[in-house]
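Everything on this sheet refers to the single structure shown next.
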Amino acid sequence: MNQEFTPARVRFAPSPTGHMHLGSARTALYDYLLAHKTGGQFILRIEDTDVKRYMPGAEEELINGLKWLGIDYDEGPGKGGPYGPYRQSERKEIYLEYGKKLVESGNAYYCFCTPERLSRVREEQQKRKEPPHYDGTCRNLSREEIEARIKNGEKYVVRFKAPREGTTTVTDLLRGEITVENRTLDDSILIKSDGWALYHLAAMVDDYLMKITHVIRGSEWLPSLPLHSLICRAFGWREPVWIHLSVFLKPSGKGKMSKRESADLIKDGHSIFIKDFADLGYVPEAVVNWVALMGWSYDDHTEFFTLDDLVQKFDLNHLNPSPAAINFTKLDHFNGLHIRNLSDEDLAGRIRPFFEAKGYQPDHQILLKIAPILKERLATLDDSVELAGFFFEKDVKYSTEELIPKGLTKEQTAVILKESLKILSSVPVLTKEKDEPLMREFVEKSGFSAGQVFGILRIAVTGQRVSPPLFESMEIIGKDKVLERIDAAIKILD
RNA sequence: GCCCCCAUCGUCUAGCGGCCCAGGACGUGGCCCUCUCAAGGCCAAAACAAGGAUUCGAAUUCCUUUGGGGGCACCA
């Protein structure tokens, strides 16, 4: 498909009515990838024509979300561009003008029906088990009557004059031709009585004026695709390439995530809201990788992708039209992969806030040293605190029972601790290369198992049953503190 | 109710008429490595929704059924 290799102008057009979620993130990602792959532009357009549903802060959240994910836009609010303004609330007059054009060309008409009458009609239709429909009362009003009623101050809307007979066929890139019977079409409202355009008009006008080549959006728009196509045709515009992505299903695969369920996820350390991922310890690289693969694939075995990889390899032909269930365990997997792909310096910087949030004041040099031993143990960044908090602790806490391993007595444990103290005191500086052979030699002679000896030391030094490797940890903690902690353990047993 | 879309292991998916008694990944189980936990390596179990049709040959094409999803606003 050669259209992929011509510069694409693609737009991400969210409405600021709620939190940015995974579905939006994926759409924006694909937009970005297509634009960058083809050397085109990625445009952010805010669809805020509905004042009632406006959520303060949503636009900012959207922009921050994109920034966090690393998908920067070329044109949009705060950035400008040759086709602005990029907020629909600033484009009211434009839509009015194009609405009028449609009326003049006979593709739309003024409708004076009141909302009350409309809902009455709808009720009756439903009672008769008919699909709810505009009944066409104002479809063929005379010019004189229209002028008179407008002059009379009657409220009106602009409706699209949808064809009543025949069929309409539109092509969606991943689904092929979609054909509907025109009699199932409705005369949708294009401009409300308050003068604001509805999505159907506004989006089509903007896509045209902004020279959008590909419309990538959710499949909830599929039912109104014929309408949108018809509007473009009424204007005589060339249609963009239509791409409707399927929705994300809840992890069980049974249905879409409800508001309630989305909010509840956070209890399990998950979320579908982009704003939450950072705090939950996810790195944007992983979220991008994960979400890219829900609905797109490269081949039958490659799964690790950076954003740059994706720009290189993304293509429209491997998009998948079927709905995908969200799989958070796979996100954890990707998160681990990308954490391990980070430099020590980078990882040190990223885990710092998690330590700080727990009241630690981590030293950068120590963070740099623990980064490599933490790397392959982290599913999420916040795991690092639980695993490595002891590095920043003055002393460690544990119970006597924890110190004495199963199968050993208090006395034996004390012997091991005292011997270890002696050995570790004998080396000038604690380094893995130096003390590990000495300790292993002791294990060998003592008749205890490595697991027993190192297990006791692990508790004494880290206060934890599970920790990063012992000798590496001791090296980082330093001789003085290690000896201090072992000494403290011996005292506990006395 | 009506309209539209979708259908391969539990999940994400590869597959675009013979390379497939279906490949990869996550997860699960086992083994190896091992100072704990991981990471890593190896192995295993696990799917073409059902029924027709076309064809020498179908997971791949067509039809029906079933299941799932979306939509039917002066929301987007």
Side-chain angles (χ1 to χ4, degrees), chain A residues 13-18 47-50 52-53 111 113-115 118-119 122 125-126 128-133 155-159 172 174-175 178-181 184-186 188-194 196 198-200 202-203 217-226 244 246-247 249 251-256 290 293-304 317-318 320-334 336 340 373-379 383 387 436 439-440 443 449-459 462 464-471:
Chain A
S15 64
T17 54
E47 312 228 320
D48 55 352
T49 52
D50 187 7
K52 278 175 272 161
R53 296 207 311 153
C111 169
C113 297
T114 62
L118 259 18
S119 65
R122 221 177 350 250
Q125 287 168 334
Q126 264 157 359
R128 275 178 277 143
K129 306 229 169 189
E130 285 171 22
H133 242 359
K155 292 247 184 198
Y156 62 90
V157 300
V158 175
R159 276 186 192 276
D172 171 86
L174 27 169
R175 295 156 211 273
I178 295 166
T179 300
V180 293
E181 302 277 343
T184 66
L185 264 24
D186 202 0
S188 301
I189 292 173
L190 265 19
I191 296 175
K192 296 189 272 184
S193 56
D194 63 5
W196 281 103
L198 249 21
Y199 176 92
H200 302 130
R217 56 184 357 184
S219 66
E220 66 270 21
W221 290 110
L222 228 30
S224 43
L225 177 58
H244 291 86
S246 281
V247 291
L249 271 25
S252 64
K254 300 270 176 220
K256 216 168 70 165
W290 175 57
L293 258 19
M294 307 181 68
W296 176 82
S297 60
Y298 178 61
D299 58 19
D300 65 347
H301 64 278
T302 316
E303 290 217 313
F304 183 87
N317 297 327
H318 287 86
N320 193 136
S322 47
I326 297 171
N327 184 349
F328 288 108
T329 24
K330 193 139 190 179
L331 169 62
D332 286 344
H333 169 252
F334 279 121
R340 272 168 258 141
I373 59 174
L374 238 38
K375 215 177 262 186
E376 60 200 28
R377 275 161 253 270
L378 297 180
D383 289 344
L387 206 57
E436 185 168 3
M439 285 302 298
R440 290 207 180 270
V443 167
S449 75
Q452 289 170 325
V453 175
F454 298 152
I456 294 167
L457 280 179
R458 167 169 289 107
I459 296 280
T462 71
Q464 299 172 182
R465 276 227 151 75
V466 172
S467 83
L470 221 211
F471 295 100

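Here is the naming used below: chain letters follow the sequence lines, and residue numbers restart at 1 for every chain.
The CG-P distance, from A:Leu387 to B:U36, rounds to 15 Å in whole Å. Between the CD atom of A:Glu376 and the C1' atom of B:G41 there is a distance of 14 Å, rounded to whole Å. For the pair A:Gln464 CD and B:A38 C1', the interatomic distance rounds to 14 Å; values are reported in whole Å. The nearest whole Å value for the distance from the CD1 atom in A:Ile178 to the P atom in B:G70 is 17 Å. One can place CZ of A:Arg128 at 16 Å from P of B:C2, the figure rounded to the nearest angstrom. Rounded to whole Å, atom P of B:G70 lies 17 Å from atom CZ of A:Arg217.
The base of B:C75 sits with one of its N or O atoms less than 3.5 Å from a complementary donor or acceptor on the side chain of A:Arg53.
Tested against A:Glu130 for a side-chain hydrogen bond (donor to acceptor under 3.5 Å, both in side chains), the candidates A:Gln126, A:Arg128, A:His133 yield a single pass: A:Arg128.
Taking atom C1' on both nucleotides, B:G17 is separated from B:U54 by 11 Å, rounded to a whole Å. Comparing B:C9 with B:G18, their C1' atoms are spaced 24 Å from each other, to the whole Å. Comparing the P positions of B:A7 and B:U13 gives a spacing of 11 Å, expressed to the nearest Å. Atom P of B:U66 sits at a distance of 38 Å from the matching atom of B:G27, rounded to the whole Å. Nucleotides B:U8 and B:A47 are separated by 6 Å at their C1' atoms, to the nearest Å. Rounded to whole Å, the C1' atom of B:G29 lies 12 Å from the corresponding atom of B:A46. One C1' atom belongs to B:U61, the other to B:C42, and the distance between them is 41 Å to the nearest Å. Taking atom P on both B:C62 and B:C16, the two are 16 Å apart, rounded to the nearest angstrom.
A:Cys111 comes within 4.0 angstrom of nothing in the nucleic acid, heavy atoms only. Using a 4.0 Å heavy-atom distance criterion, A:Ser467 is classed as a base contact. No contact: A:Leu457 has no heavy atom under 4.0 Å from any strand. Residue contacts for A:Trp196: at a heavy-atom cut-off of 4.0 Å it reaches no nucleic acid atom on any strand shown. Among the protein residues, A:Val180 comes within range of the sugar-phosphate backbone only, with heavy atoms under 4.0 Å from sugar or phosphate atoms but none that close to a base. Counting any heavy atom pair closer than 4.0 Å across all strands shown, A:Asp172 reaches no nucleic acid atom. Heavy atoms of A:Lys375 sit nowhere under 4.0 angstrom from any nucleic acid atom.
Nucleotide B:C35 has no partner under the Watson-Crick or G-U criteria, as no pair reaches both atom distances under 3.5 Å. With a cut-off of 3.5 Å on both pairing distances, the Watson-Crick or G-U wobble partner of B:G1 is B:C72. Base pairing of B:C20 is not made with any nucleotide, judged by Watson-Crick or G-U wobble geometry with both donor-acceptor distances under 3.5 Å. For B:A25, the paired nucleotide is B:U11, the pair qualifying as Watson-Crick or G-U wobble because both relevant distances are below 3.5 Å. The base-pairing partner of B:C62, taking Watson-Crick or G-U wobble contacts with both distances under 3.5 Å, is B:G52.
A heavy-atom distance below 4.5 Å is found between the side chains of A:Glu220 and A:Val247. Between A:His200 and A:Ser224 the shortest side-chain heavy-atom distance falls below 4.5 Å. You'll find the side chain of A:Leu222 stays beyond 4.5 Å of the side chain of A:Arg217, heavy atoms only. With contacts defined as side-chain heavy-atom distances shorter than 4.5 Å, the pair A:Phe328/A:Pro251 qualifies. The side-chain heavy atoms of A:Phe471 and A:Met439, taken from C-beta on, include a pair separated by under 4.5 Å.
A:Ile191 CD1 to A:Leu198 CG: the interatomic distance, rounded to the nearest 0.5 Å, is 9.5 Å.
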Yes or no on side-chain contact (heavy atoms from CB on, under 4.5 Å) for A:Ile326 and A:Leu249, after CA distance, side-chain angles and deciding distance? CA-CA 6 Å; A:Ile326 297 171; A:Leu249 271 25; over 6 Å; no
Please report the C-alpha distance between A:Phe334 and A:Leu293 in whole Å, then the side-chain angles of each, then the deciding distance to 0.1 Å, and finally whether the side-chain contact (heavy atoms from CB on, under 4.5 Å) criterion is met. CA-CA 11 Å; A:Phe334 279 121; A:Leu293 258 19; 3.7 Å; yes
Starting from the C-alpha separation in whole Å, work towards a yes-or-no answer on side-chain contact (heavy atoms from CB on, under 4.5 Å) for A:Lys192 and A:Asp194. CA-CA 5 Å; A:Lys192 296 189 272 184; A:Asp194 63 5; 3.3 Å; yes
Derivation of the side-chain hydrogen bond (donor to acceptor under 3.5 Å, both in side chains) call for A:His244 and A:Arg175: CA-CA 8 Å; A:His244 291 86; A:Arg175 295 156 211 273; 5.6 Å; no
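Map A:Thr49 and A:Ala325 each onto its nearest nucleotide of RNA chain B; the residue landing nearer the 5' end is A:Ala325. Nearer the 5' end of RNA chain B, as judged by each residue's closest nucleotide, is the contact made by A:Gly295, out of A:His200 and A:Gly295.
Side-chain contact of A:Ser188 with A:Asp186: a donor-acceptor pair under 3.5 Å is absent, judged by distance alone. Side-chain atoms of A:Asp332 and A:Thr329 include no donor-acceptor pair closer than 3.5 Å.
The backbone N or O of A:Asn327 lies less than 3.5 Å from a partner atom in the side chain of A:Trp290, making a donor-acceptor pair.
Contact between the side-chain N/O atoms of A:His244 and the OP1/OP2 oxygens of B:C6 is not found at any separation under 4.0 Å. Of the side-chain N and O atoms in A:Ser193, none sit less than 4.0 angstrom from OP1 or OP2 of B:C74. For A:Arg340 and B:A38, the shortest distance from a side-chain N or O to OP1 or OP2 is not below 4.0 Å.
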Using a cut-off of under 3.5 Å, enumerate the N/O to N/O pairs linking the protein to nucleotides 33-35 of chain B.
residue, atom, partner, partner atom, Å
B:C35, OP1, A:Arg440, NH1, 2.9
B:C35, OP1, A:Arg440, NH2, 2.4
B:C35, O2', A:Arg458, NH1, 3.4
B:C35, O2, A:Arg458, NH1, 3.3
B:C35, O2, A:Arg458, NH2, 2.5
B:C35, N3, A:Leu470, N, 3.2

Give each protein N/O atom lying under 3.5 Å from an N/O atom of nucleotides 62-69 of chain B, with the pair distance.
residue, atom, partner, partner atom, Å
B:G69, OP1, A:Gly255, N, 3.2

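When distances are taken from the side chain of A:Arg377 to each of B:A38, B:A76, B:C74, the shortest belongs to B:A38.
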Readout for nucleotides 18-30 of chain B: B = base within 4.0 Å of protein heavy atom, S = sugar-phosphate only, - = neither; 5' to 3' it is -----BBBS----
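Nearest approach of A:Val157 to A:Ser193, heavy atoms of both residues: CG1-N, 3.6 Å.
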